[in-house]
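What follows is a single structure, written as structure tokens, with notes after it.
Below, chains carry the letters A, B, ... as their sequence lines are ordered, and counting in each starts from 1.
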Amino acid sequence: MRSFKIATWNVNSLRVRLPQVLNWLADAQPDVLALQETKLIDADFPIEAIQQAGYQVIFSGQKTYNGMAILSRRPATNIITGFPDYEDPQRRLLAAVIDDIRIVNLYIPNGDNIHSEKYQYKLAWLKQLDVFLKNELQGHSQIIVLGDFNIAPDDIDVHDPKQWAGKVLFSEPERNAFRDMLQVGFIDTFRQLNPAEKVFSWWDYRMNAFKRNVGLRIDHVLSSHALASQCVKCYIDKLPRTHERPSDHAPVIAEYHD
DNA sequence: ATGGTTGCAACGCAA
């Protein structure tokens with residue numbers, strides 16, 4: 001591997017956002033782009049438009065909700081579309097090997113609110129993820145885990161940590177689960193390279209949240225230790241969030257070099 | 001304490 005540029009973007013409907021994704025690919029020229037919330041069944045996936053842009057693509061979709069894709073310059077092998085030992089009707093995981101790097105694309109459940117069934121589902125999902133990632137580390141040394149984690153890890157990742165204390169996306173059990181991921185062998189690439197930067201990857205559509213920069217950093221790129229030392233740059237591209245009809249999330253980009 | 005915005009798809013559900 002000489003240099004490698006990878007990004008994650010929750011597009012909140014690939015049907016609506018396809019033109020923006022194609023424009024962004026042309027500008028940013030990543031080697032890999034992991035998408036979440038495509039909201040497309042596989043039969044409706046825009047394979048040709050993506051191939052014409054010079055990318056191969058794998059995807060795992062469902063009707064109306066969720067849905068994952070990985071776009072890449074080079075072919076994807078060893079594809080997994082769900083946890084091996086956990087039946088989940090929701091399409092939230094897509095993993096593959098690209099250029100000898102294990103890429104794990106995640107759309108961790110939102111959780112709604114901490115008193116809800118969906119929050120319990122989120123915590124159960126995070127437990128499965130822990131098992132899965134430990135197992136992945138047995139088989140691969142070079143791993144990138146990226147996507148919409150729906151977890152803000154620390155105070156600095158939240159516009160107003162006092163207001164968000166105990167709330168979903170920032171509750172202790174969720175943040176503990178994130179810390180556990182780091183514990184088992186991953187680095188929060190953005191935070192490693194930008195230790196004091198208070199920037200966000202998601203802003204609610206409501207209440208002019210983006211204009212007021214009322215947001216959270218919930219989209220992440222984690223690197224296994226073998227790769228983390230090769231990551232030279234990690235940043236959030238806010239520009240697409242300023243466009244007409246934007247996704248509520250911004251892309252997060254990481255660049256690796258020998 | 002509630003509401004606000006978007007996408008899907010058909011009006012409430014999920015985020």
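- A straight line from NE2 of A:His243 to P of B:dT6 spans 17 Å, rounded to a whole angstrom.
- Taking the nucleotide of DNA chain B with the nearest heavy atom to each of A:Ser13 and A:Met207, the more 5' of the two is matched to A:Met207.
- Listed by chain and number, the residues in a ring-ring contact (aromatic ring centres under 6.0 Å, His included) with A:Tyr65 amount to none (sequence neighbours excluded).
- Atom CZ of A:Arg212 and atom P of B:dG4 are 14 Å apart (whole Å).
- Side-chain atoms of A:Asn110 and A:Lys122 form no donor-acceptor pair, as typed in the model, at a separation below 3.5 Å.
- Comparing the C1' positions of B:dA14 and B:dA9 gives a spacing of 13 Å, expressed to the nearest Å.
- Taking the centre and axis of the six-membered ring of A:Tyr55, the NZ or CZ atom of A:Arg73 falls inside the cone set by 45° and 6.0 Å.
- Inspection of the A:Arg91 and A:Ser60 side chains reveals an N or O donor paired with an N or O acceptor under 3.5 Å.
- Rounding to whole angstrom units, CG of residue A:Leu40 and P of B:dG7 are separated by 13 Å.
- With respect to A:Asp31 and A:Arg74, no salt bridge is recorded, no charged nitrogen being found less than 4.0 Å from a carboxylate O.
- With no hydrogens or angles considered, no side-chain donor-acceptor pair links A:Gln192 and A:Thr189 at under 3.5 Å.
- Between the CG atom of A:Asp204 and the P atom of B:dG4 there is a distance of 13 Å, given to the nearest Å.
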Between A:Leu106 and A:Val104, is a side-chain contact (heavy atoms from CB on, under 4.5 Å) present by the stated rule, with each step listed?
-> CA-CA 6 Å; A:Leu106 300 179; A:Val104 179; 3.8 Å; yes

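- Side-chain N/O atoms of A:Arg245 include one lying less than 4.0 angstrom from OP1 or OP2 on B:dG7.
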Distances for protein N or O near nucleotides 13-15 of chain B N or O, under 3.5 Å:
from   : atom 1 : to       : atom 2 : distance (Å)
B:dA14 : OP2    : A:Lys118 : NZ     : 3.2
B:dA15 : OP1    : A:Arg92  : NH2    : 3.0

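- Separating the C1' atom of B:dC11 from that of B:dA1 is a span of 25 Å, rounded to the nearest Å.
- Side-chain contact annotation: A:Ser223 with A:Tyr256, donor-acceptor N/O pair under 3.5 Å present.
- Taking atom C1' in both B:dT2 and B:dA10, the straight-line distance is 26 Å, to the nearest Å.
- Between A:Ile70 and A:Leu35 the shortest side-chain heavy-atom distance does not fall below 4.5 Å.
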Watson-Crick and G-U pairing of DNA chain B, under 3.5 Å, as dot-bracket with | and [ ] = ....((((...))))

